[in-house]
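Heads up: the structure comes next, in C-alpha cells.
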Amino acid sequence: MTIRVGIVGISGFGGGEALRLVAGHPSFQLVYAAGEGSAGSRLADRFPGVSPKLAGLVIEKWDPDRLPALDLLFASLPTGTSAAALARVPTSVRIVDIGGDHRDAEGWTYGLADVWPDRIRGHGRIANPGCFPAATLTALAPLLAEGLIEPGNIIVDAKTGISGAGRGGGDSRFGYADSNENLVPYGLLRHVHMPEMARTIERLSSGSAAGLVFTPHLVPMTRGILATAYCRGRATTERCLEAAGAFYAGRPFVRVTDRPPQTKWATGSNLAFVSYAADPERNLVVAMGVVDNLGKGAAGQAVQNANLMCGLPEAAGLEGAPIWP
Ligand SMILES: NC(=O)C1=CN([C@@H]2O[C@H](COP(=O)(O)OP(=O)(O)OC[C@H]3O[C@@H](n4cnc5c(N)ncnc54)[C@H](OP(=O)(O)O)[C@@H]3O)[C@@H](O)[C@H]2O)C=CC1
Ligand SMILES: CC(=O)N[C@@H](CCC(=O)OP(=O)(O)O)C(=O)O
C-alpha cells in the first residue's frame, strides 16, 4: 500500500525532519511539498542531499484549496498560523499537525502516541504534542497512572537544544554567538506548554495539576531535550522503574533505564528515555525524560501517529538507530 504524503512547512526544522523520515518510510511517497518563502525552489535546492527521485519536486505556495490527490498531510507551520488553512483541507486527507494550534481543539485528538495509541488508531486529525510535553509526560505517565506521585505538586525543569526554536526565528538569542557557551532560562510561569502539560497530567491522573511549574532553558546544543520533574510521592526508585517498565511493556519507542538518561541517547531517533530517582523518606520522586525535540518532540512522533492513523505497523520508517556520537 502506498500512501501519498504532503508536507507543508518542509523548509523548516520540523518539516525537514519529516522529509527525512518520509523519504525512508516503506509505505509513504512524498508527492507534495509546500511553504511560503521557499515556494518555487526544488527540494534539492533546499536539501542538497535528498534522493534523486525527490530532488526535482518543487515546493508549492501553501494553499489548502489547491492540493494534489493526497492521503496524508504533515503540517509543520508556526503555531498560530495553521488553524484556518487546515480547516479547509478535505476530510479525506488525514492530517498530523506538528505545530501547536490543535492540541486542545474540538475534533482533534492529542497524539501522545506512546501513552495512548488506541486513541489515535483510525483518527483523521491528530495534534502532535509539543516537544517539552513529549519529554515530560512520557516520564510522568506511569507514575500518574499508578498514583505514585501527587499530580498537583510537580516542578518541571527542562533543557532544550536550539533547533527547538525553529530556523525561522529572527530573535538573536538563537544565533551562534548568543547561544554558544550560554545557558538561558525563558518563558517563566507563562510558557504555552505549561497548560498543555497540566491538561494531560489531569487526564492521566484524574487529579488537579494546579501547582505545576515549568521552566525551559536553552542550552548550546543543536538537538535534544532533558526534562527533569520534581514530584511529591512515597515510592522507591525501584517501584517507579517497575511501574514504567510495566506501563511501557511492548511499546517500541520508550526505553526505561536505571541510569540518568542523556540527550545524545535519543539524537536522530523517535526514542524516549525515562528514568527515576526517589527518596520515600523525603517524599520526593525525580522523574527524567529525554527525547530529540525534532524526533519524538516533532517529526518522529508525527510519523508514529501517522502510522497509527493509517493502520500501518507503528514503527514503520522509525526503526533506525540514534546518531552516535
Ligand atoms: N523545532 C522543534 O523542535 C519543534 C517545533 N514544533 C512546532 O512545529 C512547527 C514548525 O516549527 P519549526 O519547523 O521548528 O519552524 P521553522 O521556523 O523551522 O519552520 C517554519 C516553516 O513554516 C513555513 N511557513 C511559515 N509561514 C508560512 C505560511 N504563511 N505559509 C506556509 N508556510 C509557512 C516556513 O516555510 P518557508 O521557509 O517556505 O517560508 C517553514 O518551512 C511550529 O509550530 C513549532 O512550534 C513542535 C515541536 C518541536
Ligand atoms: C527552544 C524553543 O524555543 N523551543 C520552543 C518549543 C518548540 C515547540 O514544541 O513548540 P510548539 O508547542 O509551538 O509546537 C519553545 O519553547 O517555544
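Whatever order the structure lists them in is the order used to number ligands and atoms, beginning at 1. All values reported here derive from a predicted model rather than from experimental measurement.
- Near Gly35, meaning under 4.0 Å from one of its heavy atoms, ligand 1 places the atoms 31 (C), 32 (N), 38 (O).
- The cluster map of Ile, Leu, Val, Met, Phe, Trp and Tyr, joined by side-chain heavy atoms under 4.5 Å apart, puts Met197 and Met288 in the same cluster.
- Note: Phe132 and His191 have perpendicular aromatic rings, judged against thresholds of 30 and 60 degrees for the angle between ring planes.
- Annotation: Arg46 places no N or O atom under 3.5 Å from an N or O atom of ligand 1; distance criterion only.
- Residue contacts with ligand 1 for Ser163 involve N, CA, C or O but no side-chain atom from C-beta outward (heavy atoms, distance under 4.0 Å).
- By the 4.0 Å heavy-atom criterion, Gly130 is excluded from the residues contacting ligand 1.
- With distances taken over non-hydrogen atoms, the option nearest atom 11 (O) of ligand 1 out of Ser82, Ser76, Gly80 is Ser76.
- Proximity of Asn293 to ligand 2, defined as any heavy-atom pair under 4.0 Å, is not found for any part of the residue.
- Taking 4.0 Å as the cut-off, Thr81 does not count as a neighbour of ligand 1 on heavy-atom distance.
- Put simply, no part of Val192 is less than 4.0 Å from ligand 2, judged by heavy atoms.
- Under the 3.5 Å distance criterion, with hydrogens and angles disregarded, no donor-acceptor pair is assigned to the side chains of Asp114 and Thr138.
- Where the criterion is an N or O separation shorter than 3.5 Å, residue side chain and backbone included, Gly164 meets it with respect to ligand 2.
- Residue-to-ligand polar distances place Cys131 within reach of ligand 2: an N/O pair is separated by less than 3.5 Å.
- Taking the side chain as every heavy atom from C-beta outward, Leu308 and Ile126 never approach each other to under 4.5 Å.
- Geometrically, ligand 2 and Thr79 share a nitrogen or oxygen pair separated by less than 3.5 Å.
- Residue Arg103 places a heavy atom under 4.0 Å from ligand 2.
- Note on Ile95: it does not cluster hydrophobically with Ile3, by side-chain heavy-atom contacts below 4.5 Å among ILVMFWY residues.
- Remark: among candidates Gly12, Pro78, Ala33, the nearest residue to atom 26 (N) of ligand 1 is Pro78, based on non-hydrogen atoms.
- Residue Leu77 places at least one N or O, backbone or side chain, under 3.5 Å from an N or O of ligand 1.
- Remark: ligand 1 and Trp62 share no N or O pair separated by less than 3.5 Å (distance only, no angle test).
- Residue Ser11 has at least one heavy-atom neighbour below 4.0 Å for each of these atoms of ligand 1: 34 (C), 35 (O), 36 (P), 37 (O), 38 (O), 40 (C), 41 (O).
- The distance from ligand 1 to the heavy atoms of Ala298 drops below 4.0 Å at these ligand atoms: 47 (C), 48 (C).
- Of all atoms in ligand 1, listed by their number and element, those nearer than 4.0 Å to a heavy atom of Gly14 are 12 (P), 13 (O).
- Residue contact check: Asn293 has heavy atoms under 4.0 Å from atoms 2 (C), 3 (O), 48 (C) of ligand 1.
- Annotation: His193 places an N or O atom under 3.5 Å from an N or O atom of ligand 2; distance criterion only.
- Here Leu318 contributes atom CG and Asn270 contributes atom CG; the two are 5.0 Å apart, rounded to the nearest 0.5 Å.
- Those atoms of ligand 1 that come under 4.0 Å of a heavy atom in Gly37, given as number and element, are 36 (P), 38 (O), 39 (O).
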Do Ile7 and Val22 pass the side chain to side chain contact (heavy atoms under 4.5 Å, CB included) test, and can you show the C-alpha distance, the side-chain angles, and the key distance before you say yes or no? CA-CA 9 Å; Ile7 302 174; Val22 167; 4.1 Å; yes
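- In summary, Glu60 and Arg66 do not engage in a salt bridge, as defined by a charged side-chain N under 4.0 Å from a carboxylate O.
- Of all atoms in ligand 1, numbered sequentially from 1 with element shown, those under 4.0 Å from a heavy atom of Leu294 are 1 (N), 2 (C), 3 (O).
- Around CZ of Arg259, the count of heavy atoms belonging to other residues, nucleotides or ligands within 6.0 Å does not exceed 12.
- Residue Glu36 has at least one heavy-atom neighbour below 4.0 Å for each of these atoms of ligand 1: 27 (C), 28 (C), 29 (N), 30 (N), 31 (C), 32 (N), 33 (C), 35 (O), 36 (P), 38 (O), 39 (O).
- By the 4.0 Å N-to-carboxylate-O rule, Arg20 lies close enough to Glu17 to be salt-bridged with it.
- Here the CG-CG distance, from Asn182 to Leu218, works out to 8.0 Å after rounding to the nearest 0.5 Å.
- Atom CG of Asp71 and atom OG1 of Thr2 lie 9.5 Å apart (nearest 0.5 Å).
- No side-chain donor from either of His123 and Asn305 sits under 3.5 Å from a side-chain acceptor of the other.
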